[in-house]
Number of protein chains: 2
Amino acid sequence: MQSEFVASRSADPKDSRDSRESRNGSPQLDAVSLGIIEQLQEDGRRPYAAIGKAVGLSEAAVRQRVQKLLDQGVMQIVAVTDPLTVGFRRQAMVGINADGDLEPVADALTAMQEVEYVVMTAGSFDILAEIVCEDDDHLLDVINKRIRVLPGVRSTESFVYLKLKKQTYMWGTR
Amino acid sequence: MQSEFVASRSADPKDSRDSRESRNGSPQLDAVSLGIIEQLQEDGRRPYAAIGKAVGLSEAAVRQRVQKLLDQGVMQIVAVTDPLTVGFRRQAMVGINADGDLEPVADALTAMQEVEYVVMTAGSFDILAEIVCEDDDHLLDVINKRIRVLPGVRSTESFVYLKLKKQTYMWGTR
DNA sequence: TTTACATTCTGCGGATTTCGCAGCTATGGG
DNA sequence: CCCATAGCTGCGAAATCCGCAGAATGTAAA
């Protein structure tokens with residue numbers, strides 16, 4: 001339950017006077033930290049010394065920066081897998097429309113373990129949620145018995161995945 | 001350009017007689033490998049010895065299994081970041097409808113660096129693509145000048161992200 | 001300018017981890 | 001039965017990680 005990770009972190013008051021920050025509360029990253037992230041996006045286990053050589057820093061400095069990036073929640077180093085290989089054969093994106101405040105709906109979705117991804121959007125859906133399930137029955141159950149019954153939910157539309165073509169984790173590498 | 005990673009790998013003929021395989025060509029994972037993945041989902045840099053202790057294997061055996069999982073493409077160990085923090089302020093999911101064969105369209109999307117995620121779906125969209133951009137201009141440019149002009153593309157519908165609520169990488173941890 | 005303080009970097013040992021390899025065991029053909 | 005393969009263990013050498021002390025650097029107040 002630890003590697004759950006949300007883009008807009010709530011600005012923690014006690015570190016809000018920390019470093020340079022942009023107006024949304026996110027710490028500003030310099031070119032060196034960006035370089036470190038880039039290295040770790042290629043290989044999450046790359047040794048600190050090798051990273052240091054690439055970005056022009058000592059091993060210890062890289063280590064400190066990486067630790068800080070992890071502590072701040074800017075970056076995570078994790079294993080990512082192919083869901084199909086790990087036994088989840090049905091995935092779907094679900095578009096949701098709801099009445100009133102969307103936060104409770106989004107929070108309820110977030111609490112479901114089958115839901116990998118929740119985002120509030122502008123457009124003809126209020127919320128998009130990605131669901132990873134073991135089989136059709138499981139998927140049907142989640143959509144009909146758990147999502148469509150949430151208070152406020154007016155309608156849903158499902159897009160069952162037929163073939164995943166691309167999935168990268170290369171932000172910042174451009 | 002290396003940590004791009006596609007769920008349904010094309011069955012490479014030369015390793016198709018490898019190990020146990022399910023009918024979609026994916027190697028079957030036993031409980032021990034699942035346990036290793038789970039450990040690395042919590043912390044991608046966890047030492048092999050610690051993982052071994054958790055799953056009941058020697059350090060060397062864990063190392064061999066991890067290497068194999070990486071080689072097979074079942075798993076990747078990478079840094080994942082919050083796009084907002086790294087300077088990408090506009091994200092959107094784009095639903096696409098197209099005529100004829102969808103593969104060329106999906107391939108063209110896959111080739112774009114702004115596109116993080118491409119999936120072919122059943123439902124009222126043929127393809128869903130997630131786009132990560134620096135600003136509104138950039139986003140507009142990608143959608144209008146690069147996606148909507150692709151041969152075969154009939155229509156698109158965009159869902160601009162307002163707030164990302166959840167994003168996990170915990171497949172297999174349930 | 002000077003002083004005080006906080007941040008970040010470097011260098012360096014000691015502890016830990018990784019790495020490569022040889023040997024052992026179990027399984028499945030031929 | 002014998003051979004080949006896959007997977008595990010143990011172990012020593014090399015590399016890496018880790019904590020810490022001291023040196024730069026930057027900032028803010030006096």
Side-chain angles (χ1 to χ4, degrees), chain A residues 11-22 25-79 81 85-86, chain B residues 11-22 25-79 85-86 172:
Chain A
D12 191 13
K14 78 168 173 319
D15 64 13
S16 62
R17 48 118 189 73
D18 217 336
S19 302
R20 292 280 152 277
E21 302 203 4
S22 60
S26 302
Q28 201 71 327
L29 302 180
D30 61 13
V32 177
S33 288
L34 242 27
I36 293 174
I37 291 173
E38 190 169 331
Q39 294 288 317
L40 289 170
Q41 280 173 334
E42 285 177 23
D43 174 8
R45 277 184 167 255
R46 186 162 296 168
Y48 296 130
I51 297 171
K53 192 163 300 179
V55 302
L57 230 54
S58 71
E59 177 267 342
V62 172
R63 181 154 35 92
Q64 289 162 11
R65 287 213 186 206
V66 168
Q67 193 55 52
K68 190 170 182 180
L69 290 171
L70 295 174
D71 291 343
Q72 286 176 149
V74 173
M75 166 184 86
Q76 277 182 284
I77 301 175
V78 294
T81 59
T85 306
V86 197
Chain B
D12 190 14
K14 79 169 174 318
D15 63 13
S16 62
R17 45 118 189 73
D18 218 335
S19 303
R20 292 280 151 274
E21 302 200 7
S22 59
S26 304
Q28 201 71 330
L29 301 180
D30 61 14
V32 176
S33 288
L34 242 27
I36 292 174
I37 292 173
E38 190 169 332
Q39 294 288 316
L40 290 170
Q41 279 174 334
E42 286 177 23
D43 174 7
R45 277 185 167 253
R46 185 161 295 169
Y48 297 131
I51 297 172
K53 193 163 297 179
V55 304
L57 228 55
S58 71
E59 177 269 341
V62 172
R63 180 156 34 95
Q64 288 162 13
R65 286 213 187 208
V66 168
Q67 193 55 53
K68 189 168 182 182
L69 290 171
L70 295 174
D71 290 344
Q72 287 176 147
V74 172
M75 168 182 85
Q76 274 182 287
I77 300 176
V78 294
T85 305
V86 197

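Basis for what follows: all heavy atoms, side chains included, without hydrogens, waters or symmetry-related copies. From a predicted model like this one, the values you see are computed outputs, not experimental measurements.
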How long is the gap from [atom1] on [X] to [atom2] on [Y], to the nearest 0.5 Å?
X	Y	atom1	atom2	result
D30(B)	I36(B)	CG	CD1	8.0 Å
L69(B)	Q64(B)	CG	CD	12.0 Å
L40(A)	R45(A)	CG	CZ	12.0 Å

N/O donor to acceptor pairs below 3.5 angstrom from side-chain atoms of residues 48-57 of chain B, sequence neighbours left out:
none

* Structure fact -> Rounding to the nearest 10°, end axes of the helix from dT1(C)-dA30(D) to dG30(C)-dC1(D) built from five pairs each make an angle of 40°

* To do: Using a heavy-atom cut-off of under 4.0 Å over every strand shown, decide if R63(A) touches base, sugar-phosphate, or nothing.
  => base

* Asked: Is there side-chain contact between M75(B) and V66(B), with at least one heavy-atom pair below 4.5 Å?
  -> yes

* Taking C-beta and beyond as the side chain, do V86(A) and E38(B) meet within less than 4.5 Å on heavy atoms? ->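 Sidechains of E38(B) and V86(A): no contact.
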
* Structure fact -> S33(A) and R65(A) have their tightest heavy-atom pair at OG-NH1, 2.8 Å

* To do: Give a yes/no answer on whether the side chain of R45(A) brings an N or O atom under 4.0 Å of OP1 or OP2 in dT18(C).
  =>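 It does, given that an N or O in the side chain of R45(A) lies less than 4.0 Å from OP1 or OP2 of dT18(C).
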
* Establish, with yes or no, whether the OP1 or OP2 oxygen of dG7(D) is under 4.0 angstrom from a side-chain nitrogen or oxygen of K68(B). => yes

Can you check the [X] [atom1] to [N] [atom2] distance for me, whole Å?
X	N	atom1	atom2	value
Y48(B)	dA15(D)	OH	C1'	13 Å
Q67(A)	dC18(D)	CD	C1'	11 Å
I51(A)	dA15(D)	CD1	C1'	15 Å
L69(B)	dA6(D)	CG	C1'	15 Å
Q39(B)	dT17(C)	CD	P	14 Å
D71(A)	dT7(C)	CG	C1'	15 Å

* 5'-most by nearest nucleotide on DNA chain C - P47(B) or Q64(B) ->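 Taking each residue's closest nucleotide, the earlier one in sequence belongs to P47(B).
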
* To do: Using the side-chain contact (heavy atoms from CB on, under 4.5 Å) rule, take L29(A) and I37(A) through it: C-alpha gap first, then chi angles, then the decisive distance, then the call.
  => CA-CA 10 Å; L29(A) 302 180; I37(A) 291 173; 3.9 Å; yes

* Taking DNA chain D as the partner, which of residues 53-62 of chain B come within under 4.0 angstrom of it by heavy atom? ->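 Hits under 4.0 Å, by residue number: L57(B), S58(B), A60(B), A61(B).
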
* For D71(A), side chain to side chain donor-acceptor pair (under 3.5 Å) partners two or more places apart ->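 Applying side chain to side chain donor-acceptor pair (under 3.5 Å) to D71(A) gives Q67(A).
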
